[in-house]
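To start, the structure under review is shown below, and the notes come after it.
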Amino acid sequence: MRSLTVLSSLLLTSALYGSAQAAQVPPLAEHLPAGALMTFETRNAGSLIARVGKLVGAVALGETEGAGALTGMVGSVLGQDATVGVFTVTGARGTFAPALLAVARPNAEGRKLLAAMMPKKKGAKVGVYPFVRSEDDLFIGQAEGVAYASTDKSLLMAYLSRLSGKDAPRLLNSAAYTTPMRSVGGQEARMFVNFSAAAKVARSALAEWHVPRLLSPVVDALDTLGQWAGGMSTTVQGWSTVSAHLPNPQGRDRPLYALLTPTTTFRVQELIPADAEAVQASACHPGAGSYLGRWLTRVDLLDPLGFLTDTQLASHLERSGQYLGGECAQVTLAGGTKAGFNMSDPAAGLGYTVWYQRVDDLDAARAHLPEFARSVNAALGALPGTLRSMASGAGSAVSAGGKTRLPGAAAGAMAEGLGELDAALKNLKFSYGFRGDYLIVGLSDAAVQKALKEGGEGLLGSADFRAANLSMTGGGWQYARNLPDLTEKDMAAMMSGADEEADMMMEMFGDVYADVLNRYDGMSAQRTVSALPSGHLILTKSRVKFRW
């Protein structure tokens, strides 16, 4: 267990306050071997660690001063550069297996701490970098200001040899890594995921298990996702994020590739109510319904409630592709954010959520929607009876023959959970309407009627929305406005009726929770899709306003 503590310390060694000297040292990530499935990297992320650590500590401990002191203590042993990577190594019988590599450049105090935790025994060496095998089969070491650990000896040696100057294939030389990471740029924390490489590992495993046909569509979709990178940095005004996605144009799931890369010119903002609390608008491919319908057909037999069969949802979604256009938006209407925190009714937020989609063939849409709505609402109406029957069966826990089917506690929990689901679904009703050439749907007739109401300038009439300066052309955008601050009384009202534990937590930390939520002052995000010689780059940039 001692070596697990060492590994945990390395993973914590994300960053410390950077100095000019540290900035001149090449990042440790530059020495990573090729073939990474995923990496997480930090560089001079002291402000991020301090701000996020203090915030998390405040929520966990219920007060900020002690949390700040705790963050300071942790910061005193953190490093200025750290990388954690998951790689594929050759496992038994030539199959691929995942392995972990963690490296960090701790400060002086951190090096002393790690040195005291290192096993005192003779090990091996790569250049000037020694390492030993711990009791938990981790390979760990520290030298030249760098600490390192790995679950695989060969992987660690490959890294240390490159760190020593050996000329060998590196992750940095791979376009799959550098293209999205270059778009993300220098961030306090960055992450890279190679879905296509993970798909190769999955195919190898499926072939070994002799079930390649059953899950091949999932692997094909994973391969088509290609590569993704994302980064985050904090500022005194909040934080910003950047993500870069490179779908694989050679992936076998061609419909998925098409769904990932559409663009459009948005007009939906003219219809959305000016007091809407949040909007997520996106360019959507007309084939999205058919694609989702095919996946629903694959999992139809796994639906315990029979909802997919009763509604014939897959068939209706496929028909909708014949008339829907390429512009979609999910909108949280005024009051929806508070409703979303209602612990006694988890589905309350759906009563304030509506979806807009442009319609290319209004006649076809008007002909289809009545049948679609009847089908969904008939299935929703039948759900309470189905759930009551399932809850009754679970609650009895003993079969007619006297044999226990479920332990009493498990049966009771299942019955309670099904009862809560029944209560959450009872007020839902599929509703729809048309406004101009847009279809508006929701699970609350009141919400749909509010969205259908004419008048006003729409979201364009909001000064806060205009100040976000979002482009209405491209792959999509997001916007959430700054809401009035919540009071402790508001929090208590939202949490009341959930359970005794929730009431106790609110009594202890209600003011802290309210304070954290009130620091959030809105966000905006923009998604662009650019054509590259080898495919498309989907770049998303967001800015979150938060008072640390």
Side-chain angles (χ1 to χ4, degrees), residues 38 174-185 190-200 202 216-231 241-269 279-296 298 317-318 320-330 355-361 438-439 470-479 524-542:
M38 180 176 68
S174 167
Y177 172 82
T178 57
T179 302
M181 287 298 250
R182 190 183 302 118
S183 298
V184 168
R190 306 196 304 176
M191 187 175 184
F192 166 75
V193 182
N194 192 335
F195 294 105
S196 293
K200 292 180 181 179
S216 60
V218 178
V219 179
D220 291 344
L222 188 66
D223 182 25
T224 304
L225 289 176
Q227 292 82 35
W228 178 92
T241 65
V242 181
S243 71
H245 186 191
L246 286 170
N248 179 13
Q250 279 75 50
R252 297 177 185 176
D253 195 338
R254 299 300 303 166
L256 175 59
Y257 188 90
L259 297 184
L260 293 172
T261 55
T263 60
T264 192
T265 298
F266 292 90
R267 293 184 288 109
V268 70
Q269 66 277 3
V279 180
Q280 181 175 341
S282 59
C284 45
H285 195 280
S290 298
Y291 183 80
L292 178 58
R294 286 193 292 273
W295 278 105
L296 292 178
R298 291 186 178 108
L317 288 172
E318 187 168 356
S320 69
Q322 300 171 9
Y323 55 78
L324 292 178
E327 182 185 357
C328 306
Q330 177 179 316
W355 290 266
Y356 292 69
Q357 187 157 0
R358 190 190 303 162
V359 177
D360 287 342
D361 188 339
Y438 286 84
L439 167 67
L470 294 166
S471 172
M472 294 296 110
T473 301
W477 50 271
Q478 285 183 258
Y479 163 77
S524 60
Q526 189 84 59
R527 184 170 78 245
T528 59
V529 181
S530 305
L532 301 177
S534 58
H536 290 84
L537 170 65
I538 305 168
L539 189 65
T540 304
K541 296 182 178 182
S542 70

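Since the model is a prediction, treat every value here as computed from it, not as a measurement.
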Reported OG-to-CG distance for the pair Ser243 and Leu539, which is rounded to 0.5 angstrom:
7.0 Å
Side chains of Ser196 and Asp223, donor plus acceptor under 3.5 Å:
yes
Residues at least two apart in sequence or cross-chain that pass side chain to side chain donor-acceptor pair (under 3.5 Å) with Ser524, listed by chain then number, are none
Could you walk me through whether Leu225 and Asn248 satisfy the side-chain contact (heavy atoms from CB on, under 4.5 Å) test, starting with their C-alpha distance in whole Å, then the side-chain angles of each, then the deciding distance to 0.1 Å, before giving a yes or no?
CA-CA 6 Å; Leu225 289 176; Asn248 179 13; over 6 Å; no
Quick check for you: to the nearest 0.5 Å, what is the distance between Arg267 atom CZ and Tyr356 atom OH?
13.5 Å
Taking the side chain as every heavy atom from C-beta outward, state whether Trp295 and Val218 have any pair of such atoms under 4.5 Å apart.
yes
What is the minimum heavy-atom distance between Ala221 and Asp253, and which atoms define it?
CB-OD2, 3.6 Å
Minimal non-hydrogen separation, Leu256 against Thr224, with atom names
CD2-CB, 4.2 Å
Distance-only polar pair, side chains of Tyr257 and His536, donor-acceptor under 3.5 Å
yes
Distance in Å, Cys328 SG paired with Leu439 CG, rounded so as to fall on 0.5 Å steps
10.0 Å
Answer yes or no: is there a side-chain heavy-atom contact under 4.5 Å between Arg294 and Glu318?
no
Beyond-backbone contact of Val529 with Leu537, side-chain heavy atoms, under 4.5 angstrom
no
Check Ser542 against Ala525 and note the closest heavy-atom contact, atom names and distance.
CB-CB, 3.6 Å
Side-chain donor or acceptor of Arg190 paired with backbone N/O of Gly231 under 3.5 Å
no
Are the side chains of Val193 and Trp228 in contact, using a 4.5 Å heavy-atom criterion?
yes
Please identify each residue that fulfils side chain to side chain donor-acceptor pair (under 3.5 Å) with Asn194, with sequence neighbours left out.
Gln227
Within a strict 4.5 Å, meaning less than it, do heavy atoms of the Lys200 and Val219 side chains meet?
no
If we count only N and O atoms by modelled type, under 3.5 Å, do the side chains of Gln330 and Trp355 hold a donor and an acceptor together?
yes
Rounded to the nearest 0.5 Å, how far apart are OG1 of Thr540 and CH2 of Trp477?
14.5 Å
If you compare all heavy atoms of Leu324 against all heavy atoms of Pro286, which two are closest, and at what distance to 0.1 Å?
O-CB, 3.9 Å
To the nearest 0.5 Å, what is the distance between OG (Ser471) and CD (Gln526)?
5.0 Å
Quick one: CG on Leu260 to CG on Leu246, what's the gap to the nearest 0.5 Å?
11.5 Å
Are Gln280 and Tyr479 linked by a side-chain donor-acceptor pair shorter than 3.5 Å?
no
Can you find a pair of side-chain heavy atoms, one from Phe192 and one from Met181, that are under 4.5 Å apart?
yes
For Ala175 and Pro180, work out which heavy atoms get closest and say how close.
O-CD, 3.8 Å
Checking side-chain contact (heavy atoms from CB on, under 4.5 Å) for the pair Glu327/Tyr438: CA distance, chi angles, key distance, verdict?
CA-CA 9 Å; Glu327 182 185 357; Tyr438 286 84; 2.6 Å; yes
Please examine the side chains of Arg527 and Ile538, heavy atoms only from C-beta on, and report whether any two atoms are closer than 4.5 Å.
yes
Okay, side chain of Ser174, backbone of Ala176: is any donor-acceptor separation there less than 3.5 Å?
yes
Between Phe195 and Leu222, what is the shortest heavy-atom contact and its length?
CB-O, 3.2 Å
